[in-house]
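Letters A, B, ... mirror the listed sequences (proteins, then strands); counts begin at 1.
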Amino acid sequence: MRMPGLFAVLTLTLVAAAALAPAVVSAQEAAPASTDPRIKFKDGERYLRDLSETFEIPRDEICLELSRYDCSKKSFRIVLGGVDPYDARVMQPLDQATLASPIAFDRVALQVCANRVAKDRADPAKALLFKPASGRPDRAWRDALTDRLYDRILRRDASVAERDRMAAFLEGVEGRTGRSARGQSEQTLLACFALASSAEAAFY
Amino acid sequence: MTSGRVRWFSGLRAWAAVTTAVGLSALAAGLASPGGEAVAKPPASMEFCKIYPTAHACAASPVVNCTTCHTVPPAKNLFGAQVAERLAPGVARPLSDADYIAALPAALKAVEALDADGDGISNLDEILKGSAPENGDSRPTAVSCTPGQTRSAAAGRWNTCGYDPVHAWRKVVLDVCGRSPTRTETDAFRRRLPSESSWREGISGQLDTCLRSPYWLGVNGVLWNLANAKINPQDSIKAGPRAGSIPLADYEWDYNLFAWMNTGDRDVRGLLTSQDFVKRVSDDPPTFAAVPEGDFKGMRQAGQTVPREKRAGMITTRWFSTVNTMFTPIPRTTAAVAYRQYLGLDLARMEGLHPAVAEPVDYDAKGVAAPACAVCHSTLDPLTYPFTRYDGIIRNNYNPNRLKNFVRTDGARVVEAPEAGEIFGQKVANLLEWSQVAANSDAFAQKVTWDYWKMMVGREPSPADQTEFALMWKGLKAPDKFNYRVERMLHALVLTEAYGRP
C-alpha cells in the first residue's frame, strides 16, 4: 500500500502518542484507581472489527501488510492475542504480551488511520475524518476534528480537557506539517493514531 | 498404512517412554531419599484441600501444587519445614502414606498461627487468602475501597469500587459478540440504569443474543478456540473436508460436539458421556443438526467408528484416540490428557494422585513398577486401563481383545491388563463408568468453570475471586441452579463482581 507522506508522519507518531496519552486517561480522574484492575486486551481481531465498522472500511481491506496479508489473521496473529492451533500450535492466546505486541499494535493503528485519511483525501464528499479547513485551520476546525475522532474511535464525547489538549497538540504539529491541505491531513492522521493507539482503544 | 509408518510411530512411542523413564528416575532420586528425612508425599496435594476446602488454591482445583510445601521436592520451603517439624514427632521415618495423611491435619493446625515467611501475616491467613505463606513478598491482595473511594467511584465514569453495569454490559458485547457497542446501543443501555431489574435484563438479553453469534459459536470462534487444547488439531492428519496429506481422522466432529454440549439447554457432562454427534449445517447463523448413525457408514477415516454404545463423548472420538492412543497398548497419554483437559488435573505436576492398592502392575513391561515411577503410575495406570480396549490409529474401534495385538511388542502379560480401572479412588468396570465418575466429579465442574472464568474475566481466579468462583462451579453442579447448563452459568458469571468491577 502506498501511503503519501508516511515517512514524515512516522517521525511524528511518537510525539503524538506522548502528547496525548495523558488526555485519554484524564477522563477517569473522578474515580479512584481500581484496587484490582481486570482490563483485557481487545486483541487484533476485535480491534480491527471495531475500526472496520467505525471507519466504514470492509474488514478484509482495513489492514493488509504488503497489500496482501491481513494484519490480525496473518501478519501479527499471535502477537496481537490470536491463536494458531493448526500450524504454530498456539492453542490459547498468550498470557503475556510479547515484546513485539506494542510495536505491531502501533503499526496496525497507524496503517488503519492512514488508510482512512487516504480515502478521505481521495473522495472528500465521503470523508469521515479529514475535512480540510475552509480557510486557515483554527480552534473550531481542531475541535471539530477532535469531536469526530473521539466519536469514531472511542465512541464517546471528548471532555473539555481532552479538547484543549488535542487542540494544543494539533497546533504544535502544525509547525512541522504546515497549514496546507496535506499538512492538515497529516495532522488528522497523527491525531487519529494517537487515539487509535491509546490504552482506551486497546483495552476494555 | 505401511509397516514402515507403523515402525516410525512405534519408534516415537519408544523414545517417549525412554524420556519419561529418565525424567521419573531423576524425580525418584529426590523422592526416595535414603536418609529418610526429605521425602515428598504426593497425596498431600489433595489432602491439603480436604483440610482447607475454602483455601484460595482449592477454589480452582481440588489439589495444590507441590510448591505449597516444597521448593523442588523433596526440599522443603519455609512453610513446609514448619509443618515437617510438627508432623508425627518421634515416629520413625519414612512414614507410610496412611500414617502421613493421619498426622497431616494436626501438623497443619499447629502452624496456622505461625508466620513462616515473617511478613506479619499468619500462615492460615495466607492460605485462605491466596498468598504464599513461604514467601515474604507475597501478601493477600487488598480489594476493598474506603468509604470515600466508594462514593467518588460511584460518581465517576467507572465504578471502580463495585459492580458497574455499563462496564459489564460492554464487556459482554466485546467478549461474546466480538465488537464494541455503538454509541446508540450504549445510550440505550444507560437509560436502563435507574432500574436494576432493567439493566440486569439488558445484560442478560445481550448475552443471549451474542451466544448465538458466529463470533461465539462459529468455526474458529470463541468456543472453537476454547476447545483447541483439548482437541489438539493437526491439519497434516485431518480427514474429511480440507484433508491433510495423511488423513486419519476428522477433528471437526470434536469441535462440533464441544460447541453443542456447551450451548443451549444441554448438559455439559455430555463432553464425557455423549454417545451422539452433531454436524455443522451452517456457520452463519451457526446451526447444528444431529447425525443419524447410518451417516457414518462409508465415511472411513472421516467418520466415527466406535459403536454408539461404547462411546464416551470427547474421549472416545476417532480423533482423540488417533492423536493420543496411536499404537499404544496401555495408552497412558490418553488417560493423562483426559485427566488434564477435562478434570484440570495434571499428573506431570503430581496433581490428582490417588494411588491404587497393588498398582502399578506393569503389564506392558515398561518398568513403571519401580518405586520412583510408582509414585505417579499407581494412579495413572489404573486410570488408563479402561482406555485399553479402544484402538488408536487405523481401526479406531472398541475391541475387547485388542491387547492380543501387542504381545509381540509389549510382552505376554500385556493381555492380562484389565479393562476395569480406578478414578478418584473409585473402582470402575470400563470407560463408560469412568466417564460417569469423571463427569459427576467436583474436578469436572471446576475445570469447566475455570476455562470460562479465565476467558471471560481474563485471568485465573484470584484470592479475591474465591467466593464467586466457588459459587459458579458449585452452582454448575446444583440441579436447582445451573444444572450443568453452561449458558445458565455464564448468565451468573457476568453478574459477578469479578467480571463487572473495572
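The most heavy-atom pairs under 4.5 Å with chain B, out of A:Asp87, A:Asp43, A:Val83, A:Asp50, come from A:Asp50. Interface check for chain A: of the options B:Ser180, B:Ala229, B:Gly458, the most heavy-atom pairs under 4.5 Å are formed by B:Ser180. Contact tally against chain A (heavy-atom pairs below 4.5 Å) for B:Asp175, B:Asn225, B:Thr150: the top residue is B:Asp175. Note on A:Arg38, A:Met91, A:Arg49: by heavy-atom pairs under 4.5 Å with chain B, the leading option is A:Arg38. Highest contact tally toward chain B, considering only A:Tyr47, A:Tyr86, A:Phe41, is held by A:Tyr86 [criterion: heavy-atom pairs under 4.5 Å].
Here A:Asp120 pairs with A:Arg116 in a salt bridge; the nearest charged N to carboxylate O distance falls below 4.0 Å. Using a cut-off of 4.0 Å between Lys/Arg side-chain N and Asp/Glu carboxylate O, B:Glu185 and B:Arg190 are scored as not salt-bridged. Between A:Arg139 and A:Glu171, no side-chain nitrogen of the basic residue sits less than 4.0 Å from a carboxylate oxygen of the acidic one, so the salt-bridge criterion is not met. By the 4.0 Å N-to-carboxylate-O rule, A:Glu200 lies close enough to B:Arg157 to be salt-bridged with it. Salt-bridge formation is not detected for the pair A:Asp151/A:Arg156: no Lys NZ or Arg NE/NH1/NH2 atom is positioned less than 4.0 Å from an Asp or Glu carboxylate oxygen. Checked for salt-bridge contact, B:Asp451 and B:Lys454 miss the test: no charged N lies under 4.0 Å from a carboxylate O.
Within the 4.5 angstrom heavy-atom criterion, atoms from both the backbone and the side chain of B:Thr182 approach chain A. B:Ala154 does not touch chain A: none of its heavy atoms, backbone or side chain, sits under 4.5 Å away. Proximity to chain A is limited to the side chain of B:Asp465, based on heavy atoms less than 4.5 angstrom apart. For B:Pro233, the parts lying under 4.5 angstrom from a heavy atom of chain A are both the backbone and the side chain. For A:Asp84, no part sits under 4.5 Å from any heavy atom of chain B, backbone or side chain. Residue A:Pro85 touches chain B through both its backbone and its side chain, counting heavy-atom pairs closer than 4.5 Å. For B:Cys161, the part sitting under 4.5 Å from any heavy atom of chain A is the side chain, from C-beta outward, and nothing else. For B:Arg179, the parts lying near chain A are the backbone and the side chain together; criterion is any non-hydrogen pair under 4.5 Å.
Geometrically, B:Lys230 does not engage B:Phe258 in a cation-pi contact defined by less than 6.0 Å to the ring centre and at most 45° from the axis. In this structure, A:Lys42 fails the cation-pi test against A:Phe203, since its NZ or CZ atom is not both closer than 6.0 Å to the six-membered ring centre and inside 45 degrees of the ring normal.
With hydrogens and angles left out, the side-chain atoms of B:Ser131 and B:Arg139 include no donor and acceptor closer than 3.5 Å. A:Glu162 and A:Ser159 share a side-chain donor-acceptor pair at under 3.5 Å. A donor-acceptor contact under 3.5 angstrom links the side chains of A:Ser101 and A:Thr98, judged on distance only.
Listed by sequence position, B:Tyr215, B:Asn220 are the residues of residues 209-222 of chain B in contact with chain A, using a 4.5 angstrom heavy-atom cutoff.
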### Task
Go through the steps for A:Ser72 and A:Arg59 under the test side chain to side chain donor-acceptor pair (under 3.5 Å), then give the verdict.
CA-CA 11 Å; A:Ser72 102; A:Arg59 169 64 191 85; 3.2 Å; yes
